Every structure is written in structure tokens, then in C-alpha cells.
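Some notes on the structure that comes next.
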Amino acid sequence: QLQLVESGGGLVQPGGSLRLSCAASGFTLNYYAIGWFRQAPGKEREGVSCISKSGGTTNYADSVKGRFTISRDNAKNTVYLQMNSLKPEDTAVYYCAAERRPYGNCDLSDYDYWGQGTQVTVSS
């Protein structure tokens, strides 16, 4: 059974930081590229940051460049999204997803397996 579980979301003040984790069950993450996506109320799901199978390529949405960092720890079968300098517009449900191809793109249509999401709320 293939399963991804997100954790680390919560309420944070503007300018604060959170680290999201995406843990895999039933498969090994080092065979997949991993993406983080988010969906705010009333909006479509969008790519935030994605990482290639090897970890050598990362991609970020323009809105998060310089603030978010994606990384992977294959020994822990986990991918992280470090989010710094958070803004209210970052408020959304954040999802991790895996795709079989190695490239690390952020086209959500390419992703095969999805977690259930974790809520991130940025508010003063």
C-alpha cells in the first residue's frame, strides 16, 4: 500500500517559520520525485516546491523563492519543506505527492500518489 502522510502544519505568526514533513509508508521515497502543493479556500491546487529523485534539482514557485526550502532524507523516508518568512497568503492546506519519474517538476497532473494534507495558517 502506497501512502504519504504530511505533518508539521499549524498556526504561525507572519514572519515565522514552520517545517512540514512528508513521510512515506509502503514504498521508498528515493525511487520518486516529491512535490509540495497547496490549496487555499476557493483556489486551485498549485505547486509550491518539488525535488528530483536524486535531490539534485529543486523547483520553487516564484511566490516562495528565497523563503521555502525543500529537502529529502532518504534514510528517514521523509521529505521536508522548511518555510520561513511566512506570509498570510501562504495560508493553505499543504499536500505532498510522489511521482515515478525522476525530474522534480511541479506539474500536479504528473503526480501519482498524494497525502491528505496538513493545514498551515499564517495570521497575527
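Everything numeric here is computed off the predicted structure, so don't read it as measured data. Residues take their numbers from the sequence shown, with the count starting at 1.
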* Taking side chain as C-beta onward, heavy atoms only, is Ser54 less than 4.5 Å from Pro102? -> no
Do Ser49 and Leu81 make a side-chain contact, defined as non-hydrogen atoms from C-beta onward lying under 4.5 Å apart? yes
The residue among Leu20, Val64, Val120 that forms side chain to side chain contact (heavy atoms under 4.5 Å, CB included) with Arg38 is Val64
Residue pairs passing the ring pair (Phe, Tyr, Trp, His ring centres under 6.0 Å) test with at least one member in residues 70-94, sequence neighbours excluded, are none
Expected output: side-chain Asn77 to main-chain Leu29 donor-acceptor under 3.5 Å
yes
To the nearest 0.5 Å, atom CD1 of Ile34 lies from atom OG1 of Thr58 at 14.0 Å
Between Ser109 and Asp107 the two heavy atoms that sit nearest each other are OG-OD1, 2.8 Å
Minimal heavy-atom distance between Ala33 and Tyr111, with the atoms involved, is O-CE2, 3.9 Å
*Residue Glu46 excluded, over 12 heavy atoms near CD under 6.0 Å*: yes
Output for pair (Arg19 CZ, Asn84 CG), nearest 0.5 Å, gives 11.5 Å
- Query: Arg67 versus Tyr60: any side-chain heavy-atom pair under 4.5 Å?
  - Reply: no
**Asked** Are any of the side-chain heavy atoms of Gln82 and Phe68 separated by less than 4.5 Å?
**Response** no
Q.
Tell me whether the rings of Trp114 and Phe37 are parallel (<30°), tilted (30 to 60°) or perpendicular (>60°).
A. tilted
CZ (Arg101) and CG (Asp112) are apart, to the nearest 0.5 Å, by 9.0 Å
Is the closest side-chain donor-acceptor distance between Thr28 and Asn30 under 3.5 Å? no
Taking every heavy atom of Trp36 against every heavy atom of Cys22, the minimum-distance pair comes out as CZ2-CB, 3.5 Å
Should Lys87 and Asp90 count as an ion pair when the cut-off is N to O under 4.0 Å?
no
Minimum side-chain heavy-atom gap Glu89-Val122 below 4.5 Å: no
Q: List the steps and the verdict of side chain to side chain contact (heavy atoms under 4.5 Å, CB included) for Arg100 and Tyr32.
A: CA-CA 5 Å; Arg100 297 179 184 274; Tyr32 299 86; 3.7 Å; yes
All heavy atoms of Val79 vs all of Ser71, minimum pair found to be CG1-O, 3.2 Å
One should read off an interatomic distance between Ile70 CD1 and Cys96 SG, to the nearest 0.5 angstrom, of 9.5 Å
Distance col, row Gln119:CD vs Leu11:CG, nearest 0.5 angstrom, shows 9.5 Å
Heavy atoms of Asn105 and Asp110 approach each other most closely as ND2-OD2, 2.9 Å
Heavy-atom donor-acceptor pair, Asn59 side chain to Gly104 backbone, under 3.5 Å: yes
Tightest non-hydrogen contact, residues Cys50 and Gly35, listed as SG-CA, 3.5 Å
Open item on the list: Does atom CD (Gln116) have a neighbourhood of more than 12 heavy atoms from anything else shown, all under 6.0 Å?
Closed with: no
query = Between Tyr113 and Phe27, how do the two ring planes meet: parallel, tilted or perpendicular, split at 30° and 60°?
reply = tilted
